[in-house]
Protein chains: 2
Amino acid sequence: MAKEMDMSITSDGQFDHLKRICNEAGIKLTHQRLEIFKEMVAAKDHPSAEAIHRRLQKKLPTIALDTVYRTLTTFDELGILRKLRLTGERTLFDANLDRHHHFFCTRCKKIEDVYWPEFDNSSLPEGIGSIGKIRARHLELHGLCKKCLAEGNE
Amino acid sequence: MAKEMDMSITSDGQFDHLKRICNEAGIKLTHQRLEIFKEMVAAKDHPSAEAIHRRLQKKLPTIALDTVYRTLTTFDELGILRKLRLTGERTLFDANLDRHHHFFCTRCKKIEDVYWPEFDNSSLPEGIGSIGKIRARHLELHGLCKKCLAEGNE
DNA sequence: GTTAATGCAAACGGTTTGCAGGGGT
DNA sequence: ACCCCTGCAAACCGTTTGCATTAAC
């Protein structure tokens, strides 16, 4: 019984976590917000708002796409995730807040996280001071992923 | 007279250049294409299609915005310029084909070119091979430009 | 009970497209 | 003369917004 209790608590961990965040921010913890939160935490990729909406169809068949947009934007403002307005196309969302960069497969459009702490900590070029003060750097690597390299000839 | 002839030839240099490009590509050299080309070569910033359209209003009051879009896309395909689908917002166009990166001022939205050959030629992190083959790298630096640093307090 | 969040639908802004007429070759 | 390119208008797609209803507090 103690064991089941533990499991219950564990599976409610995300609920408690989000509840705390919402309380601090003074916003309501709604069913939709919780499910979007869980979906984002579970996501191993970089989903668009539409993708999250699609994935929630089974659990929340009546959820509206604009609610997903609104919620993801709220989460971005709260610092729960990052709005990624990357190269072209739609806006993506990334629940991974660790410092990292992105690889884009030119063919299949897949996006992979790239960690490169040496680069993050390296100094910027000389002339940069004359431009301004850099607060963040984000690197985009473009090429062909392993899978596309194996499959295709282009 | 010889002098005027030289000047004439000189000022037609862009015309000749574009004419050659169009001939090779098998497309027509139209008035609109020439003016958009000249505007892009003259541009020291990273104009949007709308900006180019605006700048051409005096010279070509009847040019349509979609012609600018079509022409810039054509130029991008011909390699005359680069379509920059950068962080959020609209698509920008860059006639500077030298390898370079971009700095974004978070406040005034200004974009500056950043040259960093040492970085361009440096090797990528170890694990990158397991992801795929990198063909290009583009760095985005975000921060406050000199002007905004001086003006503001944020 | 009060207030904020949701769902719906319609607006929005940047970009693209279908079409007929006009200009370059 | 031929056909591509242009201008016009309307479609398009991702995203945002106004509003009445619903649910969280």
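Given the structure is predicted, the values throughout are model-derived calculations rather than measurements. Chain letters run A, B, ... following the sequence lines, proteins first and then strands; every chain starts at 1.
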J.: Whole angstrom is fine here: how far is it from CG in A/Leu65 over to P in C/dA5?
T.: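 Checked: the CG to P distance equals 19 Å.
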
J.: Could you tell me whether A/Glu50 and A/Arg90 have a side-chain N and a carboxylate O separated by less than 4.0 Å?
T.: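 Here A/Glu50 pairs with A/Arg90 in a salt bridge, since their nearest N and O are under 4.0 Å apart.
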
J.: Would you say B/Thr30 reaches D/dC5's phosphate, i.e. side-chain N/O to OP1/OP2 under 4.0 Å?
T.: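 No.
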
J.: When you measure from the centre of the six-membered ring of B/Phe75, is the NZ or CZ of B/Arg33 closer than 6.0 Å and no more than 45° off the axis?
T.: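 No; the conditions do not both hold, so B/Arg33 does not lie above the ring face of B/Phe75.
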
J.: In whole angstrom, what separates A/Asp76's CG from D/dT15's P?
T.: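 Computing the A/Asp76:CG to D/dT15:P distance gives 13 Å.
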
J.: Rounded off to whole Å, could you give me the CG-to-P distance for the A/Asn23 and D/dC25 pair?
T.: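 The distance from CG of A/Asn23 to P of D/dC25 comes to 8 Å, rounded to the nearest Å.
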
J.: With nearest nucleotides of DNA chain C determined for B/Leu92 and B/Ile27 from heavy-atom distances, which residue corresponds to the more 5′ nucleotide?
T.: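 The residue mapped nearer the 5' terminus is B/Leu92.
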
J.: Tell me whether the OP1 or OP2 atom of D/dG7 has a side-chain N or O from B/Gln32 closer than 4.0 Å.
T.: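 Checking B/Gln32 against D/dG7: at least one side-chain N or O falls below 4.0 Å of OP1 or OP2.
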
J.: Could you tell me the separation between the CD1 atom of B/Ile52 and the P atom of C/dG14, rounded to a whole number of Å?
T.: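 Checked: the CD1 to P distance equals 16 Å.
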
J.: In terms of side-chain heavy atoms of B/Tyr69, which of C/dT15, C/dG24, C/dG7 is nearest?
T.: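 My answer, after comparing the listed nucleotides, is C/dT15.
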
J.: Let me spell it out: for each of A/Leu29 and A/Ser48, pick the nucleotide of DNA chain D with the closest heavy atom. Which residue's pick is nearer the 5' end?
T.: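 Looking at DNA chain D, the more 5' nearest nucleotide goes with A/Ser48.
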
J.: Is there a side-chain contact between B/Leu60 and B/Ile36 in this structure, where contact means two heavy atoms from C-beta onward sitting under 4.5 Å apart?
T.: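 They are not in side-chain contact.
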
J.: Got a donor-acceptor pair under 3.5 Å from the side chain of B/Arg33 to the base of C/dG24?
T.: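 Between C/dG24 and B/Arg33, which were checked side chain against base, a qualifying N/O pair under 3.5 Å is absent.
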
J.: Rounded to the nearest angstrom, tell me the gap between atom CZ in A/Arg90 and atom P in D/dC13.
T.: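 In whole Å, D/dC13 P and A/Arg90 CZ are 11 Å from each other.
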
J.: From the list C/dT15, D/dA23, D/dT15, which nucleotide is the closest neighbour of the side chain of B/Thr91?
T.: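 Of C/dT15, D/dA23, D/dT15, C/dT15 is nearest to the side chain of B/Thr91.
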
J.: Let me know the distance between CG of B/Leu56 and C1' of D/dG7, rounded to the nearest Å.
T.: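 That distance rounds to 15 Å.
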
J.: As a test of reading the structure: which of D/dA23, C/dT17, D/dT15 is closest to the side chain of A/Lys28, going by heavy atoms?
T.: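 Of the candidates, D/dA23 comes closest.
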
J.: Take the protein atom CG of B/Leu72 and the nucleotide atom P of D/dC5, then report the distance between them rounded to whole Å.
T.: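 About 15 Å, once rounded to whole Å.
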
J.: Return yes if the base of C/dA10 and the side-chain atoms of A/Asp66 contain a donor-acceptor N/O pair under 3.5 Å, otherwise no.
T.: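 There is none.
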
J.: Charged N to carboxylate O below 4.0 Å: is that the case for A/Arg55 and A/Asp45?
T.: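 Result for this pair is yes, salt bridge flagged.
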
J.: Take atom NE2 of B/His31 and atom C1' of D/dC4, then tell me their distance rounded to the nearest Å.
T.: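 Distance check: B/His31 NE2 to D/dC4 C1' gives 18 Å.
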
J.: Just checking, A/Arg137 and A/Phe119: is the charged tip under 6.0 Å from the six-membered ring centre and within 45° of the axis?
T.: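 A/Arg137 over A/Phe119 ring: yes.
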
J.: Given D/dC8, C/dT15, D/dG14, which nucleotide is nearest the side-chain atoms of A/Glu50?
T.: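 Of all the options, the side chain of A/Glu50 is nearest to D/dG14.
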
